[in-house]
Amino acid sequence: MDDPRLPAAFLRPGTSSFSDFLAEHKPDLLPARKSLPAGANQAGADLAPHGTTIVAATFPGGLVMAGDRRATMGNVIAQRDIEKVFPADEYSVVGIAGTAGLAVEMVRLFQVELEHYEKIEGSVLSLDGKANRLSALIRANLGMAMQGLAVVPMFAGFDLDRGIGRIFGYDVTGGRHEERHFFTVGSGSMFARGAMKKLFRDDLSEQECVTLAIQALYDAADDDSATGGPDVTRRIFPVVHVVTADGGRVVPEQAVAEIADRVIGGRMRRPDGPVAPLTTGEDA
């Protein structure tokens, strides 16, 4: 192939990793290659908008991932309608927590990474392979994380080989761990995880799983000021994605609003939310 518009190096067969290709030919475009100005410290990092909270849960035949819509900058609400959950490809989704600008750039790079692999290799990466690629991108951002600009996404997808939804969590070094049933990240994750522990069941329907995610985000917002709950005044509600064997899709805003309205109605009667049944001696 010969194209005078492109350098010869661009036309040679190379790696299936787009981020590796970018690191070789245009490293300044990688999110991890940015740096804070001289003299900047953690206080400077606090000026960057941060996004929280992301939750995910599985149900028979798929999974749900949802995120609240608030981004904060220190003690200030920087944005009320940020989107934190994105499709990675047809059968997987990624949610962002941490420094919002870098996180969105990382997601875009990850999306291109998966598409590039598919075009170069002529096949789709396995779900584990996708999770490993994201791990490498997070690890490359470690320098920024040490400067206070951490990105800790959550990744989930439908495993076509195993026929189940799977969820992966990460630490700032790129360490990957697979979670069973449900997982949460972000500043409100402790409270959201507590809600999911009490309400999760193996036999949830898709709609029940979406409701579980919204209940968990409500609990996170109830106790964490950086997490935004359903905004009934502005009609801003969580972004919810569902992934099944048929692929991924965004739950329509109207459908999310209807579930959120029912959750809020229930909270008007019981502010602490639904009660999980206590086990008896015979059930234990």
Side-chain angles (χ1 to χ4, degrees), residues 46-57 63-88 93-108 110-111 149-156 167 169 182-196 207 209-243 248-268 271 273:
D46 288 341
L47 297 177
H50 283 66
T52 57
T53 298
I54 308 297
V55 302
L63 64 96
V64 168
M65 184 181 289
D68 80 300
R69 306 294 295 278
R70 178 176 292 177
T72 58
M73 192 167 60
N75 67 321
V76 176
I77 297 176
Q79 188 175 344
R80 300 180 188 274
D81 61 351
I82 187 173
E83 292 201 19
K84 305 175 188 176
V85 182
F86 307 88
V93 288
V94 58
I96 60 171
T99 307
L102 286 177
V104 170
E105 284 191 48
M106 185 179 293
V107 167
R108 290 173 178 165
F110 184 49
Q111 290 169 331
L149 300 176
V151 176
V152 186
M154 182 198 300
F155 175 68
I167 304 170
F182 57 85
F183 189 54
T184 64
V185 295
S187 65
S189 61
M190 179 191 308
F191 310 109
R193 188 175 181 85
M196 288 188 143
Q207 186 174 34
C209 199
V210 173
T211 303
L212 168 64
I214 295 174
Q215 289 278 15
L217 288 174
Y218 192 106
D219 277 325
D222 201 33
D223 289 296
D224 173 47
S225 61
T227 302
D231 190 332
V232 294
T233 304
R234 300 176 179 84
R235 304 304 290 173
I236 300 173
F237 300 99
V239 172
V240 183
H241 286 241
V242 175
V243 187
R249 70 181 190 280
V250 181
V251 178
E253 185 176 15
Q254 181 58 37
V256 175
E258 290 173 0
I259 295 174
D261 285 337
R262 290 198 295 271
V263 168
I264 294 169
R267 297 290 177 136
M268 296 297 288

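Along the sequence shown, the residues carry numbers beginning at 1.
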Does any non-hydrogen side-chain atom of Pro252 lie less than 4.5 Å from one of Val250?
no
Glu258, CD atom: more than 12 neighbouring heavy atoms under 6.0 Å:
yes
Are Thr184 and Ile54 close enough, and set up right, to give a side-chain contact (heavy atoms from CB on, under 4.5 Å), and what steps lead you there?
CA-CA 6 Å; Thr184 64; Ile54 308 297; over 6 Å; no
Quick check: do Val240 and Val64 have side-chain heavy atoms less than 4.5 Å from each other?
yes
Would you please name every residue forming a side-chain contact (heavy atoms from CB on, under 4.5 Å) with Asp81, sequence neighbours left out?
Arg69, Gln79, Ile236
Between Leu212 and Met196, is there a side-chain heavy-atom distance shorter than 4.5 Å?
yes
4.5 Å side-chain heavy-atom contact, Met65 and Met154
yes
Could you measure the distance from the CD1 atom of Ile214 to the CD1 atom of Ile264? Nearest 0.5 Å is fine.
9.5 Å
Heavy-atom check, side chain of Arg262 versus side chain of Arg267, under 4.5 Å:
no
Is it the case that atom CD in Glu253 sees more than 12 heavy atoms from other parts of the structure closer than 6.0 Å?
no
Quick one: list whatever passes side-chain contact (heavy atoms from CB on, under 4.5 Å) with Arg235, sequence neighbours left out.
Val232, Phe237, Ala257, Asp261
Given ring-ring contact (aromatic ring centres under 6.0 Å, His included), test Phe86 with Phe110 step by step and report yes or no.
CA-CA 11 Å; Phe86 307 88; Phe110 184 49; over 10 Å; no
Test item: Pro230 and Val263 side chains (from C-beta on) under 4.5 Å apart, heavy atoms
no
Under the side-chain contact (heavy atoms from CB on, under 4.5 Å) criterion, do Arg70 and Thr72 qualify, and how do the steps go?
CA-CA 7 Å; Arg70 178 176 292 177; Thr72 58; 3.9 Å; yes
Side-chain contact test, heavy atoms from C-beta onward, threshold under 4.5 Å: evaluate it for Ile259 versus Val210 and give yes or no.
yes
Suppose we screen for side-chain contact (heavy atoms from CB on, under 4.5 Å). Which residues come up paired with Ala150, at least two apart in sequence or across chains?
Ala145, Val172
In Å and rounded to the nearest 0.5 Å, what is the CE to CD1 distance from Met106 to Ile96?
10.0 Å
Return yes if a side-chain donor-acceptor contact under 3.5 Å exists between Ser189 and Thr53, otherwise no.
no
